[in-house]
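Input: a single structure, listed below in structure tokens.
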There are 2 protein chains.
Amino acid sequence: MSAALVRRLRPAVFVASRPWSPRAPRIEPSSAAASERLYSGRMESRAPLFRQLFEAESSTYTYLLADAESRDAVLIDPVLETVDRDLKLLSELGLTLKVALNTHCHADHITGSGLLKKKLFGLKSAISKHSGAAADIQLSDGDRVHFGKLYVTVRETPGHTDGCVTYVTEDERMAFTGDALLIRGCGRTDFQQGSPLRLYESVHKKIFSLPGHCFIYPAHDYKGQTVSTVDEEKKFNPRLTKTLDEFVNIMNNLNLPKPKKIDISVPANLVCGLHDL
Amino acid sequence: MSAALVRRLRPAVFVASRPWSPRAPRIEPSSAAASERLYSGRMESRAPLFRQLFEAESSTYTYLLADAESRDAVLIDPVLETVDRDLKLLSELGLTLKVALNTHCHADHITGSGLLKKKLFGLKSAISKHSGAAADIQLSDGDRVHFGKLYVTVRETPGHTDGCVTYVTEDERMAFTGDALLIRGCGRTDFQQGSPLRLYESVHKKIFSLPGHCFIYPAHDYKGQTVSTVDEEKKFNPRLTKTLDEFVNIMNNLNLPKPKKIDISVPANLVCGLHDL
């Protein structure tokens, strides 16, 4: 589908389709120092206004990104129970939420995107076209979701589910990896079309190809960690540093209990969290 | 006590005593945009390596700051239960922890500083001299705690307790406010030498005098918020935006239950968390 057609179909939200190809890692004078600086030291203002938010019951991270000048914003992985908190923050910061993005169809919590759409006129929801879930925008690999002058690029990273994506900022300094890559971990692959092989490939080809200093912001953490970097995960992730065979063996023997809310979350998330609202 | 004497007594850790005086707020072309950029856009590398960490039972934030070049680090408000997690992170990032700082003598959790000192030879603990708690370094207003070429400055911010301090980075872009100022809230003043009058004064004179874009990183949050800014709190904090009389009335009528772990936390924290280890 051409970019022009995408724009015609969805004039209120600019999502441009471009073929994705791996970019050569940006060479920085001191990559380790650059990756670890909270402040990037760049003079140009292409970095988004950013807030990381947490929902304790499901240990989910929601991410708010905005263009500080136009005040347009996107919200990644909003949770139903924290919609009021998020609306209050958007209002206080004077932001206009344009798109509620999901990294995938979650099994552990009900997305807040449906309720947000009821409360915010003009808000669009977006999810991967491979998720099977209803949303205003069905995203493909390489799509860019614009907010003001900024955007995030979609990288399809299936394996935990078919419809998992990672959102990457324009400057490739922040990657919102959903459940594909977690801090020193990764999403499980024993339900929802999970595949260890696909997940391994997704992480290595689509996430580990990002610059080493790129921050990794996952959808969950259970140990109180908030962020990692590509370099850290390439060195210290106990699963993704293994060979493919070892990884498959680990993932096939996790023996985890099913998520507590899977039976209500998945059906709700297939309809944008509007089930039973 | 002169700076030279401080150095002689504690040669391994450089804490310099300087009289604190309020600095004129840095004028930025677009203060709101600057405050909201995660990345500051500065070319000089005076920003620390930074990690925000969370302990779920007490909803405590621990903060790791390091000089990315020398690899010297400090840890603010470590929690006993998450010491192993923090040690692992320090090791993975190749950091040498120089000082375990507490913002005050906590009532809701046991500090990890004592256990960290047992595990890391040469590590010093630090807390306000007004806290009544034992620590290697007794901090005063205006002291600077150095790690590599970076430092944080101590600002005494009593009111929640006598010994509350706020740690401010050299560039005044990050303030670790402990329980003095929380996101859209503040610490209670009904025990541990609490005083609404002192707290109001502390926040207005010592924290709200920081640049509007300065990030506020509190010791706790109970709604999944991770950070705020001075500007946001000056506009939206429901308590500190009131008059002094209104604030005192609010604080004297909170009617909160006592913290669950106060009876074990305070005695332990008075001895650097070493009680019953």
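In what follows, chains carry the letters A, B, and so on, assigned in the order in which the sequence lines appear, proteins first and then strands, with residues in each chain numbered from 1. Note that the structure is predicted; figures quoted are calculated from it, not measured.
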request  = Could you please spell out the steps behind the side-chain contact (heavy atoms from CB on, under 4.5 Å) verdict for A:T82 and B:K223?
outcome  = CA-CA 8 Å; A:T82 45; B:K223 297 181 184 175; over 6 Å; no
message = Which heavy atom of A:Q225 sits nearest to which heavy atom of B:L53, and what is that distance?
response = CA-CD2, 4.2 Å
key: Close side-chain approach of A:V227 to B:Q52, heavy-atom, < 4.5 Å   = no
4.5 Å side-chain heavy-atom contact, A:R184 and B:L89 = yes
request  = Specify which of A:A56, A:A66, A:G224 makes the most heavy-atom pairs with chain B at under 4.5 Å.
outcome  = A:G224
inquiry  = Using 0.5 Å steps for rounding, measure from the OG1 atom of A:T226 to the CZ atom of B:F50.
reply    = 7.0 Å
request  = Identify the heavy atoms of A:E92 and B:F236 that sit nearest to each other, and give their distance.
outcome  = O-CZ, 3.1 Å
A:E55 versus chain B, the contacting section by heavy-atom distance below 4.5 Å = neither
